[in-house]
Participant: 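My structure is below; once you've seen it, I'll send some questions.
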Protein chains: 2
Amino acid sequence: MNIRHLTFRLLQVFVSVVTTGSYSEAARRLHLTQPTVSQQLKRLAEAVGVPLFTAQGNQWQLTDAGRELYRACVDVLGRFDDFDDYLSELEAGKKGRFSIALVNTAQYVLPRILGPYSHAFPQVEVTVEIGNRQQVLARFDRQLDDLYVFSHPPASEATCAGRFLRNPLVVVAPKGHPKAESEHLSLSHLLDERFLLREPGSASRMLFESWLQSQGLTLGATLQMASNEAIRIGVSSGMGLAVLSRHVLPAQDVGLTILPVEGFPLESHWHFIARRDCRLPRAAFGFLQFVEQSLDQCLDPQWTENHVGDMLKSLG
Amino acid sequence: MNIRHLTFRLLQVFVSVVTTGSYSEAARRLHLTQPTVSQQLKRLAEAVGVPLFTAQGNQWQLTDAGRELYRACVDVLGRFDDFDDYLSELEAGKKGRFSIALVNTAQYVLPRILGPYSHAFPQVEVTVEIGNRQQVLARFDRQLDDLYVFSHPPASEATCAGRFLRNPLVVVAPKGHPKAESEHLSLSHLLDERFLLREPGSASRMLFESWLQSQGLTLGATLQMASNEAIRIGVSSGMGLAVLSRHVLPAQDVGLTILPVEGFPLESHWHFIARRDCRLPRAAFGFLQFVEQSLDQCLDPQWTENHVGDMLKSLG
DNA sequence: CTCTTGCATAGATTATCATCTATGCCAAGT
DNA sequence: ACTTGGCATAGATGATAATCTATGCAAGAG
C-alpha cells in the first residue's frame with residue numbers, strides 16, 4: 001500500500017460509495033459525476049494495491065480488503081472529526097492555554113477577574129507570572145507570555161494596550177498620624193518624614209518621582225523595600241510614609257490612614273498588553289473578551305475603566 | 001479545516017517534524033530538502049486553518065492545535081499501519097475467506113486436506129458447498145464459489161484445473177459374493193445382477209456408462225439412489241452391485257467386497273478448478289499452495305497425483 | 001565579528017489530481 | 001425488442017501538489 005497517494009478526499013468518496021451502496025448515488029451526494037467516482041475508486045484501489053470490489057457487471061461487493069479499508073476509513077475520518085471539534089472549541093476560546101505576566105501590584109486585583117474567568121472556562125489553562133516591573137518587562141521583551149499587565153505600557157510598536165482599571169496612588173500614614181485630619185495638606189509638609197519606596201523602575205515609584213519633580217520637590221530620607229506588602233506593614237508600624245496603590249490597601253485597614261495630600265491621589269491605570277508581533281492564543285483573546293464583558297461583575301465599578309473593547313478591535 | 005486538502009504524506013511530514021523536533025532533521029530522514037518540509041508544513045497549516053507552530057525565529061513550539069493535530073496524526077497513521085498489516089496478512093493468504101464447492105464424492109477426501117489447512121490458517125474462513133455434479137456445475141456457471149472440485153472439469157475457457165487425486169472406480173459387492181474370488185472376472189458375467197447407480201450426470205455414473213458403451217455392454221436392472229452413502233449401505237445389505245469411488249469405501253468395511261473385474265478399477269481423477277475470469281481470493285490461492293506442499297501429508301500417497309503446482313503457475 | 005545552523009521565501013518544473021463530457025456496455029424491466 | 005439505470009473507459013483540462021535550487025535572514029557558537 002502506498003500511503004503517500006492516499007487523500008482524505010479519496011477515503012470520503014470510498015466511504016460514501018460503501019454506505020450508499022452505489023457509485024451513482026454516491027456521486028449525487030458528493031455533487032460529482034459518476035465517472036469521477038469510478039476513477040477515484042480506481043485510484044484508491046491502486047494506492048492500496050489490492051482490489052476493493054469484486055465486480056460482477058452491474059453488481060459489486062466489497063472484498064475483504066475493501067471491508068477492512070472501510071473500517072479504517074470510518075475510524076480515521078471519525079478521528080479527524082474529533083480533531084475538528086477540538087479545533088472549533090479552540091477557536092471559540094473554550095480550550096487551550098495562555099500565560100499572563102503581572103507586575104506585583106496587579107496581583108491584588110487580577111485574581112478577581114481570573115477567578116470568575118477560569119470558572120467560566122474551566123478547560124483553559126492559565127499560567128500567571130508575577131514580578132516587578134523590570135522582570136515583567138524582560139519577559140515582555142523576550143516574548144515569554146501571551147498577555148501582560150502594566151501600569152505604563154512599554155513603548156514598542158509591538159505593544160497593544162487596553163486600559164481597564166484605575167490605579168490611584170495615595171499617600172498612606174500610620175493610623176493617628178498628626179496630619180491625618182488636615183485640610184490643604186501639601187506634600188511639602190511631609191518631606192521631613194521618611195518615605196518607604198519600592199525599587200527604582202517600579203511603576204508607582206516612577207510615577208511618584210516624576211510628580212515630585214514636576215512639583216520641584218525632593219524627598220528626604222527614604223527606605224527601599226521590595227514589596228508593597230512589606231511597605232504596608234512598615235507604614236502601619238510607624239517606619240514612615242508611603243505612596244501606594246489604593247488597591248494594595250485592604251478595605252478596612254486599622255493600622256493605616258490615607259493622608260489627604262493635595263494633588264493626590266495620583267491617577268494611573270492598569271492595562272492589558274498584548275504583543276502585535278506574536279500570535280495571541282485564541283484562549284487569551286477569549287479571556288480579553290471575557291474581561292470586556294464581565295469586568296464590572298468582577299471588580300468594584302468605581303475603579304473600572306473598561307477600554308478592553310478597543311484593544312480587541314485593534315487586535316482584529 | 002478543509003479535510004479535502006489533507007494528504008497522508010502531509011501528516012507524515014508533520015509527524016516527522018514533531019518527533020525530530022527539527023525541520024532540517026525531518027527533511028533528512030524523509031529524503032527531502034528542508035524547504036520542501038517548510039512548505040509542506042505551511043500547506044498543512046493552511047489546510048487545517050490555524051497555525052500549528054509558534055515561530056520565534058529559529059526556535060518553534062507547537063501550538064495547542066498543533067499538539068492535538070499531532071495526536072490525531074499518530075492515531076490515524078497508526079490506524080493505517082494496522083490496515084497495512086492486515087493487508088500483508090491478506091496478501092500472504094493468512095487471512096480472508098474463500099468458498100469451495102465439491103461434488104458429493106469428494107466430500108470423502110477433502111476434509112482430510114481442509115482439516116490440516118484450517119489448522120494451519122485458522123484466520124481463513126472456508127465455506128464448503130456440496131452438491132451433485134449438476135448442482136456444482138450450476139454454481140460454477142454462476143460464479144458463486146472461488147474453487148471447485150470436479151472429476152471432469154467443465155469445458156470452458158474460464159476453467160483452470162489442477163489434478164490432485166486418483167479416483168479409482170471399483171465394482172463393489174456384498175461380502176461373500178460368489179464371484180469375489182474369481183480370476184478373469186468380466187463385467188459381462190455380472191450383467192444379470194442389479195446395479196445401484198447415482199443420478200445421470202454424476203461423474204462416476206458417466207464414466208461407468210461410457211466404459212460400458214465402449215465394451216458394448218448394457219446393464220440389466222438398475223436402481224437409482226441419490227447418495228454414495230445410500231448406495232454403499234444398499235450394496236452391503238444385498239440390494240445389488242455398484243461402481244463406486246474407492247474413496248467412498250472405508251478402509252475396512254466388513255459388509256463389502258471389491259470384485260476384481262477386468263478393466264477395473266476405472267481410473268479417473270479429481271481436480272481443483274478455479275475460474276480464470278474471476279479474481280481468486282488470495283486465501284484460496286494460499287489454500288492451493290498449501291495443497292501443493294502438503295498433499296502427501298494429508299492423504300495416502302498411493303492416491304495422490306499432485307499437479308496443483310502447474311495450476312498455480314498457470315494462474316500466475 | 002564571522003561562521004554555522006536552521007528556517008523562510010521565491011521561482012521553476014514536473015507529475016498528478018480532480019473533474020468534466022461523451023460514449024460504450026451490460027443487465028434488468030416493460 | 002426497447003428503454004433505463006448503473007458502471008467503465010477515454011480524452012481533455014485547469015488546478016495544485018511535490019519537489020527542487022538558489023538565496024535570504026536570524027540566532028548561537030567560536
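Computed from a prediction, not measured in an experiment: that's the story for all the values here. Sequence lines set the chain letters: A, B, ... in the order given, protein chains first and strands last, and positions in each chain run from 1.
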Participant: Short question: side chain of A:Asp64, backbone of B:Arg97 - any donor-acceptor pair under 3.5 Å?
Facilitator: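 Yes; at least one donor-acceptor contact below 3.5 Å.
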
Participant: Expected output is a numbered-order residue list: members of residues 71-80 of chain B with a heavy atom under 4.0 Å from any atom of DNA chain D. What is it?
Facilitator: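 Per residue number, the list is empty: none.
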
Participant: Take atom OH of A:Tyr23 and atom C1' of C:dA27, then tell me their distance rounded to the nearest Å.
Facilitator: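 From A:Tyr23 OH to C:dA27 C1': 16 Å.
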
Participant: Just the rounded figure in Å: distance from C1' of C:dA18 to NE2 of A:His5.
Facilitator: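 After rounding, the reported distance stands at 15 Å.
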
Participant: Given atom CG of B:Leu6 and atom P of D:dT16, what is their separation to the nearest angstrom?
Facilitator: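 After rounding, the reported distance stands at 15 Å.
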
Participant: Go through B:Arg79 and A:Arg79 one step at a time and tell me if the side-chain contact (heavy atoms from CB on, under 4.5 Å) criterion holds.
Facilitator: CA-CA 10 Å; B:Arg79 182 64 183 86; A:Arg79 182 65 182 84; over 6 Å; no

Participant: Could a donor-acceptor pair under 3.5 angstrom be found where the side chain of A:Gln34 meets the base of D:dA8?
Facilitator: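 For A:Gln34, whose side chain was compared with the base of D:dA8, there is a donor-acceptor pair (under 3.5 Å).
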
Participant: How close or far is atom P of D:dG6 from atom CZ of A:Arg29, stated in whole angstroms?
Facilitator: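 So the two atoms are 13 Å apart, to the nearest Å.
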
Participant: Is the phosphate of D:dA17, meaning OP1 or OP2, less than 4.0 Å from a side-chain N or O of B:Gln40?
Facilitator: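 Result: no.
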
Participant: Just to be sure I understand the rule, does A:Gln39 reach a base, reach only the sugar-phosphate, or reach nothing, if contact means heavy atoms closer than 4.0 Å?
Facilitator: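 It contacts base atoms.
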
Participant: Are OP1 or OP2 of D:dC7 and a side-chain N or O of A:Ser22 less than 4.0 angstrom apart?
Facilitator: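 Indeed, a polar side-chain atom of A:Ser22 lies that close.
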
Participant: Please give the angle, rounded to 10 degrees, between the axes at the start and the end of the helix from C:dC1-D:dG30 to C:dT30-D:dA1, where five pairs define each axis.
Facilitator: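 Result, rounded to 10 degrees: 20°.
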
Participant: Scan A:Val136, A:Val149, A:Leu147 and name whichever one has a side chain to side chain contact (heavy atoms under 4.5 Å, CB included) with A:Leu102.
Facilitator: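 When A:Val136, A:Val149, A:Leu147 are each tested with A:Leu102, the side chain to side chain contact (heavy atoms under 4.5 Å, CB included) holds only for A:Val149.
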
Participant: State whether B:Thr36 places a side-chain N or O below 4.0 Å from either non-bridging phosphate oxygen (OP1 or OP2) of D:dC20.
Facilitator: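 Yes, because at least one side-chain N or O of B:Thr36 sits under 4.0 Å from OP1 or OP2 of D:dC20.
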
Participant: Just N and O in the side chain of B:Thr33: are any of them under 4.0 Å from OP1 or OP2 of D:dC20?
Facilitator: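 Yes, such a contact exists.
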
Participant: Aromatic rings B:Phe80 and B:Phe83: how do their planes relate, parallel, tilted or perpendicular, breaks at 30° and 60°?
Facilitator: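 Perpendicular.
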
Participant: Can you find a side chain N or O atom of A:Thr7 that sits less than 4.0 Å from OP1 or OP2 on C:dC17?
Facilitator: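 For A:Thr7, the contact criterion (side-chain N or O under 4.0 Å from OP1 or OP2 of C:dC17) is not met.
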
Participant: Pick the nucleotide of DNA chain C nearest each of B:Pro35 and A:Val13; which residue has the one closer to the 5' end?
Facilitator: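 First, find each residue's nearest nucleotide; the 5'-ward one identifies B:Pro35.
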
Participant: We want to know whether A:Gln12 and A:Ser16 form a side-chain donor-acceptor pair, criterion being a heavy-atom distance below 3.5 angstrom.
Facilitator: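 On atom types as modelled, these side chains do not qualify, holding no pair under 3.5 Å.
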
Participant: Please check: side-chain N/O of A:Ser202 versus main-chain N/O of A:Arg205, any donor-acceptor pairing under 3.5 Å?
Facilitator: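 Answer holds: yes.
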
Participant: Return yes when atom CD of A:Glu129 has more than 12 non-hydrogen atoms of other residues, nucleotides or ligands closer than 6.0 Å, and no otherwise.
Facilitator: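 Yes, the 6.0 Å shell around CD holds more than 12 heavy atoms from other groups.
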
Participant: Separation of B:Leu32 atom CG from D:dT21 atom C1', in whole Å?
Facilitator: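 My rounded result for the distance is 14 Å.
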
Participant: Does D:dA8 have OP1 or OP2 under 4.0 Å away from a side-chain N or O of A:Ser38?
Facilitator: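 Yes, such a contact exists.
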
Participant: Find which nucleotide of DNA chain D each of A:Lys42 and B:Arg9 is nearest to by heavy atoms, and output the residue with the more 5' nucleotide.
Facilitator: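 Its nearest nucleotide lies further toward 5', so the answer is A:Lys42.
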
Participant: Classify the ring geometry of A:Phe8 against B:Phe8: parallel below 30°, tilted from 30° to 60°, perpendicular beyond 60°.
Facilitator: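 A:Phe8 and B:Phe8: parallel rings.
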
Participant: Between B:Glu25 and B:Arg29, is there a salt bridge with N-O shorter than 4.0 Å?
Facilitator: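 Yes, B:Arg29 and B:Glu25 are salt-bridged.
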
Participant: In whole angstroms, how far is the P atom of D:dC7 from the CD atom of A:Gln61?
Facilitator: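 A:Gln61 atom CD is separated from D:dC7 atom P by 14 Å.
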
Participant: Provide the full list of ring-ring contact (aromatic ring centres under 6.0 Å, His included) pairs with a residue in residues 21-49 of chain B, sequence neighbours left out, each pair given once.
Facilitator: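 The answer is B:Tyr23-B:Phe53, B:Tyr23-B:Trp60.
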
